[in-house]
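So the structure is just underneath, and the comments pick up after that.
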2 protein chains.
Amino acid sequence: MITQVIVAEHGTSTTDPAPARPLDRRARRRRETIDEILRIAADVMTQDGVNALSMAEIARRLGVQPPSIYKYFDSLLHIYDALFQRGQLEHLRVMRGAMANAQPGLPALTAGLEASGQWCLANRSVAQLMFWRPVPSFEPSPEAFAPSIEMVNLQKAAIADAIAAGQLGPAEVDQVVHLVSVFIVGVLSQAIANEPDLEWGYGRFTPLFPQLMALIPALYPPPPRQNRPHRR
Amino acid sequence: MITQVIVAEHGTSTTDPAPARPLDRRARRRRETIDEILRIAADVMTQDGVNALSMAEIARRLGVQPPSIYKYFDSLLHIYDALFQRGQLEHLRVMRGAMANAQPGLPALTAGLEASGQWCLANRSVAQLMFWRPVPSFEPSPEAFAPSIEMVNLQKAAIADAIAAGQLGPAEVDQVVHLVSVFIVGVLSQAIANEPDLEWGYGRFTPLFPQLMALIPALYPPPPRQNRPHRR
DNA sequence: GTCTATAGCCTGATAGAC
DNA sequence: GTCTATCAGGCTATAGAC
């Protein structure tokens, strides 16, 4: 179990009243180094596989000796944890933004998951770390995992909206969550394994996703309604 | 690239006329050792991850010293290749058997894929090696890969049957292959990542598979027919 | 076919000088 | 915060005795 809380070091502290400059030079420089370590780590995972990440390779690419990395991260597993947490936070932000710009209910759910797919393919090594769990010895810390719970709640809320609006018939929200997870993980798994250079929307698999989402009402048929807004 | 042909050593040669005994003791003993090495290798991958396979760990569990393993396999990658090939052959056999016992067309396709899912969960480490490609440095040899092509051809034939029988409307066979691959890989990915101890048919994901297969005619609607056999 | 011994590489992580 | 030096251990693979 990883207990070191890494995120506190990354952002600017909002409870810090004193300094005139938001970050002094040393702190800013440290943050930049942390950013670069994580950027390099994602590159290594993309090129050589998520499991191939090593302190030594990061140090080589950063142009320092391996012990220097330990000034920023206590261990290799802490680097995995930071990648996991940053990935979850960014993924949540992207999905939330896409959902906010779509109609509530099924359109929002679809838009959120398409944004998720786009992000996952643009960050596929981190996405694999987050959702496929290829490193058995790594267990994310509760802090790193938290955004993932929030992401599922976003999806559940959209599904509840869809049912309330009559876009879907009465359904167990959890079942629908599992169904759409199969869709998104299916297209992403196939895209990552078979079309490693294509982004979302291209190739033989990810274009299927909107069609799959359109099938959901066939599994949970909406009840016929008198006062559906001016269509049929 | 792996060029050593391993399968020739595994099976009994059919072009070998001379010996009265089908296999002499030495050859049989050798075959048993090879079988045990591969069985142990699959166990290691299941417990510690596909990438964690090592000659040293196999030797420890077999109760020999690492150099002894090299009398049976030229390298670790050759062990991956043998696992890949045996897995593909067995998977093909299982799928073919299930399809032969079902009605042609969509029922055969569904039965074959359900048998595939069952096999993949019962042999999940080898299935991951075969279909998720988690070891970037490993590329299967053409001999090992061949059964996979045959497996896809089985699926294509069943889809063509389904179209010919009017179970599906006119569709590109390749598109349907990609669609069902998304379904099966989706439920398997989620099952493997989230329900590591459940077999096919249990849990929150694999029971969705038949429902997903039943949706295919909604994507490729069959044309209305006069002479459909005594139903409707 | 088994073993011991070993070469030669890699790794994560720490101690301590500067 | 950087370095050198080092520990302790892992790994693949080979050489050669038995």
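If you're wondering where the values come from, they're calculated on a predicted model, not measured in any experiment. Letters A, B, ... are given to chains in the order of the sequence lines, protein chains preceding strands, and every chain is numbered from 1.
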Under the salt bridge (charged side-chain N to carboxylate O under 4.0 Å, His left out) definition, can you give me all pairs with a residue in residues 175-195 of chain B, not counting sequence neighbours? B:Glu195-B:Arg204
Without decimals, in angstroms, what is the distance between A:Ile37 CD1 and C:dG12 P? 13 Å
Sorted by chain and number, sequence neighbours left out, side chain to side chain contact (heavy atoms under 4.5 Å, CB included) with B:Ala115 holds for B:Val94, B:Ala98
Taken in chain and number order and not counting sequence neighbours, the residues that satisfy side chain to side chain contact (heavy atoms under 4.5 Å, CB included) with B:Ile40 are B:Glu36, B:Val44, B:Ile58, B:Arg61, B:Leu62
How many whole angstroms separate atom OH of A:Tyr72 from atom P of C:dA13? 18 Å
Atom CZ of B:Arg26 and atom P of C:dT2: how far apart are they, to the nearest Å? 12 Å
Indicate whether OP1 or OP2 belonging to C:dC3 is found under 4.0 Å from a side-chain N or O atom of B:Ser68. yes
Is the distance between the ring centroids of B:His78 and B:Tyr70 less than 6.0 Å? no
Once side-chain hydrogen bond (donor to acceptor under 3.5 Å, both in side chains) is applied, what residue pairs with a partner in residues 177-194 of chain B remain, sequence neighbours excluded? A:Ser181-B:Gln190, A:Ser189-B:Ser189, A:Gln190-B:Ser181, B:Trp132-B:Ser189, B:Gln190-B:Asn194
Whole-Å distance separating the CG atom of B:Asn51 from the C1' atom of C:dT11: 15 Å
Protein heavy-atom contacts under 4.0 Å, written 5' to 3' over nucleotides 4-18 of chain D as B (base), S (sugar-phosphate only) or - (none), form the string BB-----SSBB----
Which pairs, with at least one residue in residues 172-188 of chain A and sequence neighbours excluded, count as a salt bridge (charged side-chain N to carboxylate O under 4.0 Å, His left out)? A:Lys156-A:Asp174
